[in-house]
Structure formats: structure tokens, C-alpha cells
Amino acid sequence: MSHLVVFDLANPGAPEQSKAAPDRLIAGDPSYRTWEMAAAAHGGIRTGIWEATPGITRSIKGETWEYCTILSGTIILTEEGGAPRRFTAGDTFVMRPGFVGTWETVETVRKLWVTVS
């Protein structure tokens with residue numbers, strides 16, 4: 001097994017498809033595609049590519065750190081008690097443990113992500 005994981009953004013393989021959890025859905029009917037590219041044996045560290053269609057959901061990180069780089073599309077993140085922040089292709093951010101707010105996918109978004117929990 002190689003210790004190098006290369007992300008082929010043009011052809012990442014077959015995704016896992018899912019929908020927003022009903023208790024997190026605020027507006028729209030977003031669909032998700034996730035390509036998990038690598039994970040630590042204990043599952044506490046994961047990385048991959050994620051895509052979402054437009055909609056608004058509640059984002060609750062709990063004890064998880066999430067690093068994101070937006071590859072395409074537009075989102076608006078609004079942390080509870082904070083101002084909305086718009087992110088587009090090339091933007092990078094981290095949601096720390098305890099983040100609670102809304103994730104609005106304005107136009108279909110694709111991101112690279114790493115989670116640590």
C-alpha cells in the first residue's frame with residue numbers, strides 16, 4: 001500500500017450519494033456526493049472531495065475540526081451570532097469544534113475537505 005494519496009479531481013471515481021438529514025434541512029433539497037479519498041485506521045482523520053447542490057442546512061461540528069478549500073461554486077456560512085461569510089473557488093477556511101451555524105449552497109459547490117475528530 002502506498003502512503004501517497006493523489007486526488008484526481010477530473011475523475012475521482014464513484015461517489016457516495018446522500019441527502020440532507022431532515023433535522024438539519026432548512027431550505028431547498030440539497031443532494032450530496034462524497035468521495036472519501038483516505039482515512040486513518042481509527043477513523044478520526046478523513047479526507048476527500050465533497051459536492052452539494054443548492055440549499056440551506058444547519059451545520060454542527062461538535063468535536064470535529066474541518067478544513068475546506070472551495071474548488072467551485074459559492075456558499076455562505078453564517079455562524080450563530082456572527083455575520084454571513086461568502087466563499088467561492090480558491091477560498092480556504094477551518095470550522096473549529098463547537099461551530100454551529102448555517103451552510104447555504106448558493107450554486108453547486110465542490111470542496112476538498114479534511115476532518116479531524
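Sequence positions, counted from 1, serve as the residue numbers for this chain. Keep in mind that what you see is a predicted model, and the values were worked out from it rather than measured.
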Looking only at heavy atoms, the pair that brings Met37 and Val6 closest together is CE-O, 4.1 Å
If you round to the nearest 0.5 Å, how far is CD1 of Ile75 from CD of Glu107? 11.0 Å
Closest heavy-atom pair and its distance - Leu4, Ser2: N-OG, 3.0 Å
Run the side-chain contact (heavy atoms from CB on, under 4.5 Å) test on Arg24 and Ile60 for me, step by step, so that the C-alpha distance in whole Å, both residues' side-chain angles and the decisive distance to 0.1 Å come before the verdict. CA-CA 9 Å; Arg24 301 269 180 111; Ile60 302 170; 3.8 Å; yes
Nearest heavy-atom pair of Ile49 and Leu9: which atoms, and what distance? CD1-CD2, 3.6 Å
According to a 4.5 Å side-chain heavy-atom criterion applied to Ile, Leu, Val, Met, Phe, Trp and Tyr, with indirect links allowed, do Ile56 and Trp103 form part of one hydrophobic cluster? no
Audit row: Met95, Leu77, side-chain contact (heavy atoms from CB on, under 4.5 Å) steps and yes/no: CA-CA 10 Å; Met95 290 181 281; Leu77 280 181; 4.2 Å; yes
Is there a continuous path of hydrophobic side-chain contacts, each under 4.5 Å between heavy atoms, that joins Trp65 to Phe99? no
Main chain of Val116, side chain of Thr64: is a donor-acceptor contact present, judged purely on distance under 3.5 Å? no
Minimum heavy-atom separation for Thr53 and Asp29, please, with both atom names. OG1-O, 4.1 Å
Any chance you could lay out the salt bridge (Lys or Arg N to Asp or Glu O under 4.0 Å) test for Arg58 and Glu80, step after step, and finish with the verdict? CA-CA 10 Å; Arg58 188 155 171 76; Glu80 279 188 349; 2.8 Å; yes
Thr92 side chain to Thr69 side chain, donor-acceptor N/O pair below 3.5 angstrom: yes
Between Thr108 and Pro54 the two heavy atoms that sit nearest each other are OG1-CD, 3.7 Å
Can Thr88 and Thr74 be said to form a side chain to side chain donor-acceptor pair (under 3.5 Å), step by step? CA-CA 5 Å; Thr88 61; Thr74 302; 5.7 Å; no
With side-chain contact (heavy atoms from CB on, under 4.5 Å) as the test, would you mind laying out the steps for Ser72 and Arg110 before giving the verdict? CA-CA 5 Å; Ser72 62; Arg110 187 175 276 203; 3.6 Å; yes
Trp50: which of Tyr67, Trp35, Tyr32, Phe7 passes ring-ring contact (aromatic ring centres under 6.0 Å, His included): Tyr32
Is Val94 linked to Ile76 within one hydrophobic cluster, defined over Ile, Leu, Val, Met, Phe, Trp and Tyr using a side-chain heavy-atom separation of less than 4.5 Å? no
Derivation of the side-chain contact (heavy atoms from CB on, under 4.5 Å) call for Ile70 and Phe93: CA-CA 9 Å; Ile70 303 297; Phe93 56 91; 4.0 Å; yes
Tell me if the NE2 atom of His3 is crowded by more than 12 foreign heavy atoms within 6.0 Å. no
Got a second to check how far Glu36's CD is from Glu16's CD, nearest 0.5 Å? 8.0 Å
Linking I/L/V/M/F/W/Y whenever any side-chain heavy atoms sit under 4.5 Å apart, do Val5 and Ile45 land together? no
How many angstroms lie between OG in Ser117 and CZ in Arg46, if you round to the nearest 0.5 Å? 8.0 Å
For the CZ atom of Arg96 and the CD atom of Glu79, what is their distance to the nearest 0.5 Å? 9.5 Å
Pro30 to Leu25 - nearest heavy-atom pair and separation: CD-CD1, 3.6 Å
